[in-house]
Amino acid sequence: TQSTRPQRLLGAVQKNATRGDPRSVVQAIDQFCRQKEWAMNVGDEKGCILDSVVSEVNPATVLELGTYCGYSTVRIASLLPPHAKLITLEFNPDFAAIARQVIAWAGLEDKVHLVEGASGDWIPKMTEQFGVKTFDLVFLDHWKDRYLPDTMLMEECGLLRKGSILLADNVICPGTPDYLEYVRSSPRYESQYFKSHLEYTKVEDGLEKSVFLG
Ligand SMILES: O=C(NC/C=C/[C@H]1O[C@@H](n2cnc3c(NCCO)ncnc32)[C@H](O)[C@@H]1O)c1cc(-c2ccc(F)cc2)cc(O)c1O
Ligand SMILES: [Mg+2]
């Protein structure tokens, strides 16, 4: 039977990356996506912007929406201080299974809690299930038409505090127009656009960093 692209991506990690070395896992995926098959990871160029935001925020609690194969999960988790927690939501069981193995290969299982389920179902349960009061950083990289509803849901559930940072991938390509309009026009957010390129291409894309003002 045919393998899937995520399965082939995992194979490239297991073949080319060193167990317990997150940077080599990131490098192996980027090499696979540049040389073999494009995949919708945030990639190395936008990934450097992600790294700088994570390092600046130095978060104790992180939420990632849309794990896919775990590429950005590994980038973020490798930069977290000890005892910090990254919760990542992925509702496709096949992708979740691959991501768990990528995260394990990087040796980051202790910093990552991968929850198999939909953001709409799990965001309201964050406090009761994981004891999280608020998130210091949220990375949005799931279905683009869900960025806005899930942001409103996080507000409603009290998961954002004064200074919480939202970092959204793909605000240009494929684009998240309603989300962008909201965070740029709402008095409750201070937004900044980081111009970059769609992963592994020369097409314009970027990340939007939005600070929740409370
Ligand atoms: O579509 C893109 N990303 C989507 C990610 C989805 C992943 O997240 C999971 N997911 C989705 N919704 C939810 C959910 N909640 C919502 C549903 O209940 N709860 C939990 N998990 C969820 C999926 O199962 C996938 O694992 C994209 C496209 C391009 C692209 C650009 C140009 C092109 F030409 C082609 C493609 C570039 C990118 O960087 C991109 O991120
Ligand atoms: Mg993306």
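Side chains are part of it too, since the values below use all heavy atoms of this structure and drop only hydrogens, waters and symmetry mates. In listed order, ligands and their atoms are each counted from 1.
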Looking at atom 5 (C) of ligand 1, tell me if a protein heavy atom falls under 4.0 Å from it.
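Protein heavy atoms within 4.0 Å of atom 5 (C) of ligand 1 - there is at least one.
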Does some non-hydrogen atom of the protein lie less than 4.0 angstrom from atom 15 (N) of ligand 1?
yes
Interfacing atoms of ligand 1 (cut-off 4.0 Å, heavy-atom, [X]):
X	answer
L198	31 (C), 32 (C), 37 (C)
N170	37 (C), 38 (C), 39 (O), 40 (C), 41 (O)
E199	37 (C), 38 (C), 39 (O)
C173	32 (C)
G66	8 (O)
A118	18 (O), 19 (N)
D169	39 (O)
Y68	26 (O)

Using a 4.0 Å heavy-atom threshold (strictly under), name the region of W143 that reaches ligand 1: side chain, backbone, both or neither.
both
Candidates I29, T18, V13 - the one meeting side-chain contact (heavy atoms from CB on, under 4.5 Å) with S24
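Looking at I29, T18, V13, the match for S24 under the side-chain contact (heavy atoms from CB on, under 4.5 Å) is T18.
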Out of V57, L207, V54, which one pairs with L167 under the side-chain contact (heavy atoms from CB on, under 4.5 Å) rule?
L207
Looking at ligand 1, does any of its N/O atoms fall within less than 3.5 Å of an N/O of [X]?
X	result
F91	yes
K144	yes
D141	yes
T67	no
S119	yes

Whether the D44 and Y200 side chains hold a donor-acceptor pair (N or O, under 3.5 Å, no angle test) is what I'd like checked.
no
Please determine whether any non-hydrogen atom of P174 lies less than 4.0 Å from an atom of ligand 1.
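Yes; P174 lies near enough to ligand 1 that a heavy-atom distance drops under 4.0 Å.
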Answer yes or no for C69: is there a heavy-atom contact with ligand 1 below 4.0 Å?
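C69: no contact with ligand 1 (<4.0 Å).
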Identity and separation of the nearest protein heavy atom to atom 36 (C) of ligand 1:
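The closest heavy atom on the protein side is W38 CH2, 3.6 Å.
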For atom 26 (O) of ligand 1, what's the nearest protein heavy atom and its distance?
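Nearest protein contact, heavy atoms only, for atom 26 (O) of ligand 1 is E90 OE1, 2.6 Å.
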Looking from the Mg ion (ligand 2), what is the angle between OD2 on D169 and OD1 on D141, to the nearest 10°?
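That angle works out to 100° after rounding to 10°.
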Separation of T134 OG1 from F212 CZ (nearest 0.5 Å)
10.5 Å
Can you give me the closest heavy-atom contact between Y193 and R184, atom names plus distance?
CB-NH2, 3.5 Å
Of all heavy-atom pairs between S119 and L65, which one has the smallest distance, and what is that distance?
CB-CD2, 4.0 Å
Would you indicate whether E190, at its atom CD, is surrounded by more than 12 heavy atoms from other residues, nucleotides or ligands within a distance under 6.0 Å?
no
Can you confirm whether or not the ring centre of Y147 sits under 6.0 Å from the ring centre of H142?
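Between Y147 and H142, the centre distance is under 6.0 Å.
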Out of G43, A99, G117, who gets a non-hydrogen atom closest to atom 20 (C) of ligand 1?
G117
Would you say N170 has an N, O or S atom lying under 2.8 Å from the Mg ion (ligand 2)?
yes
Should K144 and D141 count as an ion pair when the cut-off is N to O under 4.0 Å?
yes
